Amino acid sequence: MHDTYIRGNHIYLIAILVFATVITLISTFLTYKNSKKAAEDSLNLQALGIAASLEASMSKGIAEKENIFRDIITEGRWEGIAFIALYDKNGTTILHSNENLIGRQVKDGFIKAVADTGRPVHNYTKLGTDERVFVLDFPVHIRDSERILRLALYTYPVEGIIRQARLHVFGMLFIIAVLWVVGYFFVRASKHSDELRMKMAERERFAVIGEMASVLAHEIRNPLGSIKGFAQYLKEQNTDNRSQGTDSLDIIISESKRLEALTEDLLMYAKPMEVKSDDFDVLDLINEVIKTMQNRKDVGINVAVPAGITIKSDSDKLKQIFMNILQNAVDAESKTIDIKAEFMNDKVVISISDDGYGMSHEIKENAFKPFFTTRIKGTGLGLAIVDKLTKAIGGEIELKSEPQKGTVFKIVIPNT
Ligand SMILES: Nc1ncnc2c1ncn2[C@@H]1O[C@H](COP(=O)(O)OP(=O)(O)O)[C@@H](O)[C@H]1O
Ligand SMILES: [Mg+2]
């Protein structure tokens, strides 16, 4: 339930982000379109104004051969005019601000359109100089003849508006990108903190279990010792006359031993850690552990550790770590176990590999959790203790395992 709540939270955030992105994109697109339209309207209005005023002054009877168009441009009466031309309905140039073009025939759909409909049309085109211009074709009546006035305006005065609109688009896209990046990191951070919270809750739970277990273990240990001792005593008494009941006593003794091991593991796991530091020889320590191992008759153990290398760490904890890992390797029906050690400047890397039945992915995921076991007589505390002790001495542990192939534990401990 906790999990769905977390995921729900993230989905809200992502939904808000998507919503904001869509709204911003639409509004940016509209703003951009409006700006373009405003720029065009402004050009159109200016061109229409000039055209109307030119029509009026030409109707007053200005001689067509005095090139007033050229004068208008050179005098700069209106700003931003690229050229002005007057055509008849067939596209013959009657007047042009560039005198060289007068008399030329222009084949042009716009002129024809204006001549046919009697309405002004506009479009954009590029000059020979590569400049973009706005062109208005405007129908005029000059002394009863129908003419078409063409006005080309430079677009740079309104380009500022479009540039600004474009800048606005880029700004908005940038803000959206930033929003998504921030959102991504926020989701990641909140996921991380949720995970941390869950881990802490789990740790707390285990702390309580651990405490309970330690109390129980203490209470069980003493009576258990009496039971086992008494059973052993009875068995000794009975060995001479081989009477029945010896088998039952054996069961009592072996089960008591198992319970004893469990209470020891529980106490070890629940006990607060006190880290000591002593100098010891790694090879000696490993050999000592091997000697105390149970059921190791059928297993070949190869130790490839150089002799006479002393390190500084907590030997008791390391011994327990090796013991648990090696015991697991034996329990996994291994034929051979390889122990290697590498000594570096300030750390020691020890790897223990076995060729036992290995672990599936799921078992591997859970192996270090307390009380997780796949064995009928297992306690599930062996690797939990290994994990706790390794962390206590500042080390790290890595587990590689494949079903039917074997398992490798790599332990890195600081040597200081
Ligand atoms: N060397 C190994 N090979 C295969 N499985 C292993 C090995 N070491 C640990 N495991 C798996 O991890 C589980 C937990 O191990 P451990 O914590 O020592 O508990 P236990 O030994 O009591 O089952 C084991 O039950 C076993 O399934
Ligand atoms: Mg074990």
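Just so you know, these numbers come straight off a predicted model, no measurement behind them. Counting starts at 1 for both ligands and their atoms, following the listed order.
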Just checking, is any N or O donor in the side chain of [X] or [Y] under 3.5 Å from an acceptor N or O on the other one?
X    : Y    : value
T28  : H168 : no
D281 : T310 : no
Q320 : D316 : no

For atom 1 (N) of ligand 1, which candidate among T379, L262, D354 holds the nearest heavy atom?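 Looking at heavy atoms only, the winner is D354.
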Measuring from atom 25 (O) of ligand 1, which candidate in T374, L399, N328, I385 has the nearest non-hydrogen atom?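 That would be T374.
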Aromatic ring proximity F134/H122, centre distance under 6.0 Å: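 Yes: the rings meet the under 6.0 Å criterion.
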Compute the ring centroids of F83 and H96, then answer whether they are less than 6.0 Å apart.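 That pair passes the under 6.0 Å test.
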For the Mg ion (ligand 2), decide whether N328 has an N, O or S atom at a distance under 2.8 Å.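 Here the distance criterion (N, O or S atom, under 2.8 Å) is met by N328, so yes.
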Check this for me, if you would: do E255 and K377 make a salt bridge, where the nitrogen-to-carboxylate-oxygen distance has to be below 4.0 angstrom?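 A salt bridge links E255 with K377.
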What atoms of ligand 1 come within less than 4.0 Å of a heavy atom belonging to [X]?
X    : result
A332 : 2 (C), 3 (N), 4 (C)
G378 : 22 (O)
L383 : 9 (C), 15 (O), 16 (P), 17 (O), 18 (O)

Could you identify the single nearest non-hydrogen protein atom to [atom] and state the distance to 0.1 Å?
atom                    : value
atom 23 (O) of ligand 1 : T373 OG1, 2.5 Å
atom 10 (N) of ligand 1 : M359 CE, 3.5 Å
atom 14 (C) of ligand 1 : F372 O, 3.4 Å
atom 12 (O) of ligand 1 : A367 CB, 3.9 Å
atom 19 (O) of ligand 1 : G380 CA, 3.3 Å
atom 20 (P) of ligand 1 : R375 NH1, 3.5 Å

Tell me, with the steps shown, if E131 and T129 meet side chain to side chain donor-acceptor pair (under 3.5 Å). CA-CA 5 Å; E131 285 161 304; T129 52; 2.6 Å; yes
Please report the interatomic distance NE2(H218) to CD1(I220), rounded to the nearest 0.5 Å.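 Interatomic distance, H218 NE2 to I220 CD1, rounded to 0.5 Å: 11.5 Å.
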From CG (N415) to CG (D346), nearest 0.5 Å: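 N415 atom CG to D346 atom CG measures 8.0 Å (nearest 0.5 Å).
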Within the structure, does A384 bring an N/O atom to less than 3.5 angstrom of an N/O atom in ligand 1?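 In this structure, A384 places no N or O atom under 3.5 Å from an N or O of ligand 1.
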Min heavy-atom dist N324 to ligand 1 below 4.0 Å: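 Flag not set, N324 not near ligand 1.
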